[in-house]
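Heads up, the thing below is written out as structure tokens.
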Amino acid sequence: MQAVRTSKFRHIFGDRNVKSYNGVPISKNAHEQDFCSVNPKFVAVVAEQIGGGAFFVFRTDKVGGVDTGSCKISKHNGAVYDIRWNPFNDNLIGSACDDGLIRLWNITDERGVEPNHEPVQTLKGHGKRVGGLLWHPSADNVLASWSYDNTVKLWNAESSQVITEMEGFTNQITDFDFTMDGSQMATTCKDKKLRIFDTHTGSVAMEGPGHNNMKVSRLRMLKNGLILTAGFSSMSSRSLRLYDPRNLSAMLKEEAIDNANGSLFPYYDPDLNLLFLAGKGDANIKFYELDNGGIFYLNQYMSGDAQRGLGMMPKRGLDSGINEIARAYKLNVAKKLVNVVPLKVPRQSKAFADDLYPDTAGYQPAINAQEFAEGKNAQPKLVSFLELQSANATSKGFTATEATEGSPGAPAQVNGEAGAEIAALKKELAALKTEVGNVKGSLKEKCGEVEELQKENEELKGKLKSCQEEIAELQKNGIDASQVGSD
């Protein structure tokens, strides 16, 4: 009999009597994203809306019935596909949209969502809809995005300039993640390839086979440098895998999960090396410990309600008084609920459990966007958990700026007629880029049609050859082929 692995996290449990945000019309869009983002101040949820797109912003200290009309941000020209709070600014959130634009919104502590709320910055450059967003783990206001134009872009959110662009994907991108210092980014794609990029040059540092199934797979870059992926096998069973980024030709470890159909959402805690795994359409959240190159199942939270997606509270928003190590915000589309589920480790002592709360990433970035654009990397700044809880995380605000002259990707500073002419040319260039993206998509479709016609042509050639051989055989036997079948 296999011995039970000893772990202080084996008995993680979630509250049964959960609190909820009630009456929330959650998006039913089939796009594969969490549709929820959380920080200590606010909960954001992608909304179901006919015409355009929207998301809600609720306060974390006001759980219960909500007035969705007064907390909705609707200034989108298409469906919203992803939303992400800035890790260093609890008042700044980015939204990815079907119209190919990324919008940044400042939500103040005092006023919250205001009528006719306008974005403080708009990032333009993708040729098709934007499918996912991710903030840099240590650089302030550096935002990554992936699009259906099969590119990943890294942006200076303040100046709206593209810092780096990553290409080479032959199908839809499904997920991406930074290394801890932000020097590299790993991606998963429907072409079944796992890639690692240099975030400063955009070049591919390593490439290898991923999950051998075209269903959505996701990944997380672990603290020890390994890559964890969550996806499907060729037989459509769900599994977790570990890869060494120095050699992607073969996986190090695979852990079978089950045969359910929903895509997996992995949430990684680098401080405790824990993985919280939720599946789209599942009612449970599974807990795993990652240790010494292994994946060890611990326990699971069970409920009776299927989840559309999850939002996870950052470590700085947890309650150490109840030994809360995670807090999940489960989206229940059918009942229009956002269930708040604290996940705790039971302890008899009421004293602060320092082993559950090691030093963690704080509110202060290690470098700014300009330093990252110039090639600098840095590990996140760590602070003690108690210091972080006592920190005054006041409204930071956000100011959109022009790129500094001489900085990477920055335009020269000009005034008057020349400036107006350059602005007009930039606008025209953006329109041309969008048009090129559309043409590329149309060309790809045409190439597919050409391949089908070529295949059909080869089949007809084969049939014609068979007929010619049959006629030749009949003529050889002195039979007139035109008379065959006339009797």
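Along the sequence shown, residues are numbered consecutively beginning with 1. Quick caveat, the model's predicted, so the values are computed rather than measured.
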TODO: Before giving the answer on side chain to side chain contact (heavy atoms under 4.5 Å, CB included), spell out for Lys344 and Ile325 the whole-Å C-alpha distance, their side-chain angles and the decisive distance to 0.1 Å.
DONE: CA-CA 6 Å; Lys344 312 170 188 177; Ile325 62 167; over 6 Å; no

Side chain of [X], backbone of [Y]: donor and acceptor closer than 3.5 Å?
{"X": "Gln121", "Y": "Leu123", "value": "no"}
{"X": "Glu254", "Y": "Ser239", "value": "no"}
{"X": "Ser147", "Y": "Lys128", "value": "yes"}
{"X": "His117", "Y": "Ile107", "value": "no"}
{"X": "Thr179", "Y": "Ser183", "value": "yes"}
{"X": "Asp198", "Y": "Ser203", "value": "no"}
{"X": "Thr60", "Y": "Pro40", "value": "yes"}
{"X": "His76", "Y": "Cys97", "value": "no"}
{"X": "Thr187", "Y": "Phe176", "value": "no"}
{"X": "Arg129", "Y": "Leu101", "value": "no"}

- [ ] Test Phe232 against His211 for side chain to side chain contact (heavy atoms under 4.5 Å, CB included), laying out the working first.
- [x] CA-CA 6 Å; Phe232 295 82; His211 288 265; 5.7 Å; no

Any idea which heavy atoms bring [X] and [Y] closest together, and the distance?
{"X": "Asn91", "Y": "Phe42", "answer": "ND2-CE1, 3.9 Å"}
{"X": "Val43", "Y": "Cys36", "answer": "CG1-SG, 4.2 Å"}
{"X": "Pro365", "Y": "Ala139", "answer": "CB-C, 4.4 Å"}
{"X": "Arg316", "Y": "Asn39", "answer": "NH2-CB, 4.3 Å"}
{"X": "Leu222", "Y": "Leu242", "answer": "CD1-CD2, 3.7 Å"}
{"X": "Ser145", "Y": "Val130", "answer": "CB-CG1, 4.0 Å"}

NZ/NE/NH1/NH2 to OD/OE distance under 4.0 Å, [X] and [Y]:
{"X": "Asp90", "Y": "Lys41", "value": "no"}
{"X": "Lys72", "Y": "Asp67", "value": "no"}
{"X": "Lys153", "Y": "Glu165", "value": "yes"}
{"X": "Asp82", "Y": "Arg84", "value": "yes"}
{"X": "Asp258", "Y": "Lys286", "value": "yes"}
{"X": "Lys193", "Y": "Asp191", "value": "no"}

May I ask you to check whether [X] and [Y] show a side-chain donor-acceptor distance below 3.5 Å?
{"X": "Asn86", "Y": "Asn141", "answer": "yes"}
{"X": "Asn284", "Y": "Tyr301", "answer": "no"}
{"X": "Asn339", "Y": "Ser20", "answer": "yes"}
{"X": "Lys381", "Y": "Gln364", "answer": "no"}
{"X": "Ser95", "Y": "Trp105", "answer": "yes"}

TODO: Any chance you could measure Ile227, atom CD1, to Asp177, atom CG, to the nearest 0.5 Å?
DONE: 9.5 Å

Assign the ring pair [X] / [Y] to parallel, tilted or perpendicular, where the plane angle (0 to 90°) is split at 30° and 60°.
{"X": "Phe169", "Y": "Phe197", "answer": "tilted"}
{"X": "Phe58", "Y": "Phe56", "answer": "parallel"}
{"X": "Phe385", "Y": "Phe352", "answer": "parallel"}

Open item on the list: Among Leu226, Leu252, Thr229, which residue satisfies the side-chain contact (heavy atoms from CB on, under 4.5 Å) criterion with Tyr243?
Closed with: Thr229

Task: Among Asp175, Asn171, Leu194, the one residue meeting side-chain contact (heavy atoms from CB on, under 4.5 Å) with Cys189 - done: Asn171

Open item on the list: With a 6.0 Å cut-off on the ring centroids, do Tyr363 and Phe88 count as close?
Closed with: no

Task: Ring-ring centroid check Phe372 His200, cutoff 6.0 Å - done: yes

- [ ] Might you work through the side chain to side chain contact (heavy atoms under 4.5 Å, CB included) test for Thr122 and Ile102, ending with a clear yes or no?
- [x] CA-CA 6 Å; Thr122 302; Ile102 301 163; over 6 Å; no

Open item on the list: If you apply the rule side chain to side chain contact (heavy atoms under 4.5 Å, CB included), what do you find for Asn273 with Tyr268, and how did you get there?
Closed with: CA-CA 7 Å; Asn273 278 322; Tyr268 173 57; 2.9 Å; yes

Task: Among Lys315, Arg327, Arg220, the one residue meeting salt bridge (charged side-chain N to carboxylate O under 4.0 Å, His left out) with Asp269 - done: Lys315

